[in-house]
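Everything on this sheet refers to the single structure shown next.
Not measured: the values here are computed from a predicted model. A, B, ... follow the sequence lines: proteins, then strands. Residue 1 opens every chain.
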Number of protein chains: 2
Amino acid sequence: MSKSSVAAALAPQDYVVLGMVRLGARSGYEIKQMVELSIRFFWTISHVQIYPALRQLEERGLIEGRDEPRGKLARRVFEITAAGDHALASWVAEAGPMPFELRDLGMVKLFFADVASDADAGALLGAVRARSAERVAALQAIEPVAEAADTEGTHFPGLTLQLGIAFHQAMVDVCDRFAAEVTPAKGQRTP
Amino acid sequence: MSKSSVAAALAPQDYVVLGMVRLGARSGYEIKQMVELSIRFFWTISHVQIYPALRQLEERGLIEGRDEPRGKLARRVFEITAAGDHALASWVAEAGPMPFELRDLGMVKLFFADVASDADAGALLGAVRARSAERVAALQAIEPVAEAADTEGTHFPGLTLQLGIAFHQAMVDVCDRFAAEVTPAKGQRTP
DNA sequence: GGTAACATGTAAGCGGTTACATGATTAG
DNA sequence: CTAATCATGTAACCGCTTACATGTTACC
């Protein structure tokens, strides 16, 4: 009832925007970029959602914006306020449900892969493995950036990076083990 | 253009339903249950989508249904056809994008956790760890079922189960390592 | 001079969930 | 006799994405 005009708690994407401003993203455009470079593996946001979020955050005094055009190119830049810092910290600390939603067609196909031929199932397994391996590589490529941030006092982005690397590496390992079990010789199982 | 009445390729959830019928789920109700017991960690479906999917699959001849009421309780049960087997196998074998979509508020909060106090950040880390630990336990509890299926010739559900376990165990491990680094003594970092 | 990147928006649509609705059967 | 489970549906709604829209600045 009534998410009309009064309270209406901030949504997750509002906090994402707030957090990115805190980490130094100035314009909506930069926020979108920073999201793509950092949390895109476990959260996405489109620019369409960012601009309304910025307006709302500013209305609430959690960020402060000023127009700073590049020549004739309209541009509004933001900084987090003390109230914003506090709101973000409260949200982070706030206990409550943290939904973990995974949607993975690859795993679904694997689940049903008994219906396919050994060759097709093997190819699918290889594809799933490759996908995770690529992601591991992509994440490892970011490690220097995270380490740089770490020395400057920002430690947790590195943790989420390690989490991403670890779980995709774990998937690669399981795929390898299974492939070894299933094709010890050449498509034969249970020797 | 035109997903009117002619072709309109089957959507993932249609294949999920088809696959579950193949694995022995007979009614829509049973399909929903089996989804909850098996692939819910990487795919969800609500009963609202299942019944239209069943109708569509039957129209295409991929499953065959007959009314089999329990007394006065309406109930329609299904079996997969040879054409259905083939369609499922083709889909599984079909190369193509396999989006891996993860949405995890816990990781988002962790990413921004530098804004919080050491105590709050530690609590958050513990909560994320606990969440994955619980999931590991829940998945391990299913292992006997997967092993039973394995001996009966259904091998791949066990693989996805191992993937899930490994995935969350990896997250637990990273959380533990990070917690050890950050609190060697008592909230001090970089000794 | 052209292409990529910068910068911000509106509007339509879709895939999916939630709420609502109904009723029968089984187990305690 | 009451609650949980079985079994299937309709309708409203909502968050999010896609497509559309526009113009600027910087680089090659």
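- No more than 12 heavy atoms of other residues, nucleotides or ligands sit less than 6.0 Å from atom CD of B:E64.
- Between the axis at the start and the axis at the end of the helix from C:dG1-D:dC28 to C:dG28-D:dC1 there is an angle of 40°, using five pairs per end and rounding to 10 degrees.
- Atom pair A:E36:CD and C:dA5:C1' shows a separation of 15 Å (rounding to whole Å applied).
- Residues in residues 86-109 of chain B take part in these side-chain hydrogen bond (donor to acceptor under 3.5 Å, both in side chains) pairs, two or more places apart or across chains: B:D104-B:R131.
- Look at B:R22 and B:E79 and you find no salt bridge, because none of the NZ, NE, NH1 or NH2 atoms lies under 4.0 Å from a carboxylate O.
- Put simply, B:T44 has a side-chain N or O that comes within less than 4.0 Å of OP1 or OP2 on C:dT17.
- Atom C1' of nucleotide C:dA5 and atom CZ of A:R75 are separated by 13 Å, given to the nearest angstrom.
- Taking atom CD of B:Q49 as the reference point, atom P of D:dG9 lies 14 Å away to the nearest angstrom.
- Comparing C:dT8, D:dT25, C:dT17 by their nearest atom to the side chain of A:S27 picks out C:dT8.
- Between the CG atom of B:L10 and the C1' atom of C:dG15 there is a distance of 16 Å, given to the nearest Å.
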Applying ring-ring contact (aromatic ring centres under 6.0 Å, His included), run through A:F156 and B:F178 and close with a yes or a no. CA-CA 9 Å; A:F156 281 90; B:F178 194 82; 5.3 Å; yes
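- Comparing A:Q13 and B:R55 by the nucleotide of DNA chain D whose heavy atom lies nearest to each, the residue mapping closer to the 5' end is B:R55.
- Note on A:E58 versus A:R66: no salt bridge recorded, every NZ/NE/NH1/NH2 to OD/OE distance being 4.0 Å or above.
- The distance from atom CZ of A:R103 to atom P of D:dC16 is 14 Å, rounded to the nearest whole Å.
- Taking only side-chain atoms of B:Y29, from C-beta outward, the nucleotide of C:dC6, C:dT17, D:dT8 with the closest atom is D:dT8.
- Of the candidates D:dG9, C:dG16, D:dC6, D:dC6 carries the atom nearest the B:L73 side chain, counting heavy atoms from C-beta on.
- With respect to the salt-bridge test (charged N to carboxylate O, under 4.0 angstrom), the residues A:R129 and A:E134 do not qualify.
- Residue-to-nucleotide proximity on DNA chain D shows that, of B:V48 and A:I45, the 5′-proximal contact is made by B:V48.
- Summarising the geometry, the separation between CE on B:M34 and C1' on D:dC6 is reported as 16 Å, rounded to the nearest angstrom.
- In this entry the distance linking NE2 of B:H47 with P of D:dG9 reads 9 Å, nearest Å.
- Ion pair A:K32/A:E36 flagged as a salt bridge, since at least one NZ, NE, NH1 or NH2 atom sits closer than 4.0 Å to an Asp/Glu carboxylate oxygen.
- In this structure, CD of B:Q33 is placed 8 Å from P of D:dA7, rounded to the nearest angstrom.
- Counting only heavy atoms from C-beta on, B:R70 has its side chain closest to D:dA7 among D:dA7, D:dG9, C:dG16.
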